Amino acid sequence: ITFFDAPAFPNQTIFVDEIPLPPASSGTGTIKGKVINALNAQGVSGMTVKAYAGLNAAPSLRRPSPTPVATTTTSSTGTYSFGSLAPGAYTFVASGAGYSESVGIGVAIGGQIRTIADIIVPPTLPSSGLYVVLTWSGPGTNVPADLDLHITGPASASNQTDRFQVHSANRSFVFSADTVATIDIA
């Protein structure tokens with residue numbers, strides 16, 4: 001497996017979450033998935049999905065122009081499929097008008113059709129802003145079901161010392177009639 005842009009620091013151990021390792025196989029495989037809107041969980045049509053060989057293989061500052069091994073467009077229901085992929089790990093990047101780019105990963109195994117987790121795309125905001133999408137699984141997985149989201153930042157542009165914090169118990173911060181940060185739990 002090729003793992004791009006892995007963090008490395010002198011005299012420190014870096015722990016990387018589970019890395020999907022494909023079993024030895026021959027021939028090609030198929031990976032299919034779905035691109036969904038982060039706000040309503042509906043499939044998004046017309047999104048471009050690019051497949052890059054390797055984990056964390058999407059374009060980055062260190063590798064601004066990697067070549068995708070395949071490109072496709074989502075259907076009217078947001079589904080996509082990549083056939084004839086060599087066995088191995090892949091990074092998928094979904095992009096399209098009105099949405100921020102999002103990334104997914106999957107493993108192709110020769111002779112198999114595999115479905116990967118949904119790629120969740122947040123709509124772009126009409127003004128400067130940011131969506132943070134936190135997803136997790138429930139019981140029976142390696143991911144805790146009680147994750148929480150905290151967002152913090154300067155209370156105002158003129159006062160960099162005082163900070164705000166929003167979280168599940170305090171879902172928004174408003175300064176001078178402008179909503180600075182808010183959490184919408186769906």
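Keep in mind that this is a model prediction, so the values were computed, not measured. If you read the sequence from its start, that first residue is 1, and numbering goes on from there.
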Please, which pairs that meet ring-ring contact (aromatic ring centres under 6.0 Å, His included) have at least one residue in residues 92-117, sequence neighbours excluded? F82-F92

Summary of ring-ring contact (aromatic ring centres under 6.0 Å, His included) pairs that have at least one residue in residues 40-76, sequence neighbours excluded: none

Could you tell me which residues satisfy side-chain contact (heavy atoms from CB on, under 4.5 Å) with [X], sequence neighbours excluded, listed by chain and number?
X: T73; result: none
X: S45; result: none
X: T79; result: K34, S75, T77
X: T28; result: S84

Taking the hydrophobic residues Ile, Leu, Val, Met, Phe, Trp and Tyr, and joining any pair whose side-chain heavy atoms are under 4.5 Å apart, which ones share a cluster with L61? none

Please check if the side chain of T91 supplies one atom and the backbone of G54 the other of a donor-acceptor pair under 3.5 Å. yes

Going by the rule side-chain hydrogen bond (donor to acceptor under 3.5 Å, both in side chains), which residues pair with S25 if we only count those two or more places apart in sequence or in a different chain? none

Excluding sequence neighbours, so at least two apart, what forms side-chain hydrogen bond (donor to acceptor under 3.5 Å, both in side chains) with Q165? H150

Is there side-chain contact between I105 and I116, with at least one heavy-atom pair below 4.5 Å? no

Just one of I36, V93, V35 clears the side-chain contact (heavy atoms from CB on, under 4.5 Å) bar with M47, so which one? V35

